[in-house]
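Okay, structure first, notes after.
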Amino acid sequence: MLPEPKDVPQEARRALLNLLAEKGRVKPRDLGVSRAYFYQMRRGLRPVPDQILEKLLEAASDDDLGQVGYFAQFVDYSRIRAYDVDRIVRLVLEWAKANPASAKVLLDTLESELERLGLAGRAVKVTEAHLEEWLAYLDSRREAGTLSYKQWQSHRIYLRRLLDSTGWVLSPGLVRRALLDEASRSPKAAQKMAESVRLFTREILQDHDLYQRLPRFRARSRRTEAPGVGCGMQGARGSRVAPGQGPPLPHAQRAED
């Protein structure tokens with residue numbers, strides 16, 4: 001529950017006014033004041049009256065209030081505005097029925113962005129320390145003779161390329177999106193990226209759940225099966241990205257990663 005207007009300090013009122021003004025959410029006419037008075041309130045030359053604050057609170061969303069220190073303590077983020085959610089879902093469904101191809105692109109993009117924000121799916125933030133451990137791992141494999149020079153160089157190049165594409169965050173959706181983007185230019189490069197990120201996730205991150213969910217990619221393959229999940233995502237030139245789960249590579253195959 002928000003505080004009574006009379007209890008809100010002027011500094012907090014001015015901060016909320018400036019935030020909403022910068023976002024274009026309120027203008028002088030919305031508050032029933034002149035542009036000169038609006039400017040003076042924003043600069044602290046005049047106080048923000050209670051009646052103006054009430055209009056600001058009506059125009060502000062929970063996210064807006066959360067950005068102003070004083071009001072953040074009063075925001076209950078557990079509240080869900082069912083009407084707003086239902087209305088958004090209804091509008092999206094109506095649009096999706098009329099635009100099925102675009103809806104699929106929207107769904108993939110939304111999934112990736114939610115994963116990037118850590119709001120959905122399984123996402124892991126990769127650090128420079130992870131990358132250093134990865135390079136050391138590749139060097140040890142190279143010295144042991146279980147990795148050829150060509151494979152060593154490929155893994156170094158293609159993992160970093162994928163990380164740059166995903167913003168150094170690994171999730172099934174983000175990786176799938178990066179592979180499809182790469183496949184539009186070079187399916188073979190996309191396959192190398194997929195192989196590198198799966199090996200990195202298994203050996204360095206040691207995240208079994210994420211590893212199981214990462215998409216597989218095979219260049220020039222018309223279809224790659226994903227047990228228990230169904231069809232994958234169509235890539236370039238008949239290549240296919242399968243988003244489903246698959247068994248970890250057996251130890252005997254590691255030299256071929």
Side-chain angles (χ1 to χ4, degrees), residues 1-93 95-96 106-130 163-175 177-178 205 207 209-210 213:
M1 179 180 294
L2 293 175
E4 292 293 328
K6 62 182 179 61
D7 297 327
V8 179
Q10 283 295 322
E11 182 180 354
R13 301 180 185 210
R14 187 166 61 255
L16 181 59
L17 171 61
N18 285 329
L19 176 67
L20 296 178
E22 290 168 1
K23 291 185 174 183
R25 302 279 292 281
V26 295
K27 297 180 180 179
R29 64 174 177 272
D30 300 323
L31 304 178
V33 299
S34 66
R35 281 188 288 183
Y37 195 91
F38 186 77
Y39 174 86
Q40 291 171 342
M41 286 193 298
R42 291 194 62 184
R43 297 298 181 272
L45 302 176
R46 285 181 178 272
V48 179
D50 290 350
Q51 61 270 29
I52 297 295
L53 175 59
E54 290 175 356
K55 293 181 179 180
L56 295 175
L57 292 174
E58 290 177 1
S61 67
D62 286 348
D63 286 341
D64 294 328
L65 295 174
Q67 295 179 51
V68 179
Y70 177 83
F71 292 107
Q73 60 185 315
F74 299 102
V75 178
D76 181 4
Y77 290 102
S78 66
R79 287 189 298 116
I80 299 178
R81 297 175 178 175
Y83 173 79
D84 290 342
V85 173
D86 291 343
R87 181 171 178 271
I88 291 172
V89 170
R90 187 170 62 254
L91 291 174
V92 170
L93 287 177
W95 173 81
L106 172 65
L107 181 61
D108 289 338
T109 303
L110 182 60
E111 178 187 18
S112 297
E113 292 305 317
L114 288 175
E115 288 177 348
R116 191 192 303 275
L117 294 172
L119 300 177
R122 183 78 177 97
V124 175
K125 179 67 176 178
V126 178
T127 66
E128 287 289 350
H130 288 134
L163 291 177
D164 289 340
S165 298
T166 63
W168 287 60
V169 176
L170 293 183
S171 71
L174 289 173
V175 171
R177 188 174 171 185
L205 298 181
D207 190 318
D209 182 57
L210 177 59
R213 296 172 185 275

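Nothing here was measured: the structure is a model prediction, and the numbers come from that model.
When the salt bridge (charged side-chain N to carboxylate O under 4.0 Å, His left out) test is applied to Lys125, no partner is found at least two apart in sequence or on another chain. In this structure, the side-chain hydrogen bond (donor to acceptor under 3.5 Å, both in side chains) partners of Lys23, at least two apart in sequence or on a different chain, are Asp64. Residues satisfying the salt bridge (charged side-chain N to carboxylate O under 4.0 Å, His left out) test with Glu4, not counting sequence neighbours, are none. The salt bridge (charged side-chain N to carboxylate O under 4.0 Å, His left out) check on Asp30 picks up nothing, with sequence neighbours excluded.
The two residues Gly66 and Ala72 come nearest to each other via the heavy atoms O-CB, 3.6 Å. Scanning all heavy atoms of the two residues, the minimum distance from Val26 to Ala59 falls at CG1-CB, 3.9 Å. When all heavy atoms are compared, the tightest approach of Ala60 to Leu16 is CB-CD1, 4.2 Å. Closest approach of Ala178 and Thr166 over heavy atoms only: CB-CG2, 4.0 Å. Between Pro47 and Gln10, the shortest heavy-atom contact is CA-OE1, 3.4 Å. The minimum heavy-atom distance linking Phe71 with Leu57 is given by the pair CE2-CD2, 3.9 Å.
If you take CZ on Arg213 and OG on Ser171, they are separated by 11.5 Å, rounding to the nearest 0.5 Å. Distance check: Gln67 CD to Ser61 OG gives 7.5 Å after rounding to the nearest 0.5 Å. In this structure, CG on Leu163 lies 11.0 Å from CG on Leu174, to the nearest 0.5 angstrom. Within the model, atoms CZ of Arg14 and CZ of Arg46 stand 14.5 Å from one another, a figure rounded to the nearest 0.5 Å.
With Arg25 contributing its side chain and Leu56 its backbone, the two residues share no donor-acceptor pair below 3.5 Å.
Classification of Arg13 and Asp50 as a salt-bridged pair holds, one side-chain N sitting under 4.0 Å from a carboxylate O.
Applying the ring-ring contact (aromatic ring centres under 6.0 Å, His included) test to every pair with at least one member in residues 16-58, sequence neighbours left out, gives no pairs at all. Residue pairs meeting the ring-ring contact (aromatic ring centres under 6.0 Å, His included) criterion with at least one partner in residues 40-70, sequence neighbours excluded, are Tyr70-Phe74.
By the 6.0 Å contact criterion, CD on Gln40 is enclosed, its count of non-hydrogen atoms from other residues, nucleotides or ligands being greater than 12. Other residues, nucleotides and ligands contribute more than 12 heavy atoms inside 6.0 Å of the CZ atom of Arg43.
In this structure the side chain of Met41 reaches within 4.5 angstrom of the side chain of Ile52, judged on heavy atoms. Looking at Leu17 and Leu31, their side chains come closer than 4.5 Å, going by heavy atoms from C-beta outward. Counting only heavy atoms from C-beta outward, the side chains of Pro172 and Leu210 approach each other to under 4.5 Å. A heavy-atom distance below 4.5 Å is not found between the side chains of Val48 and Val8.
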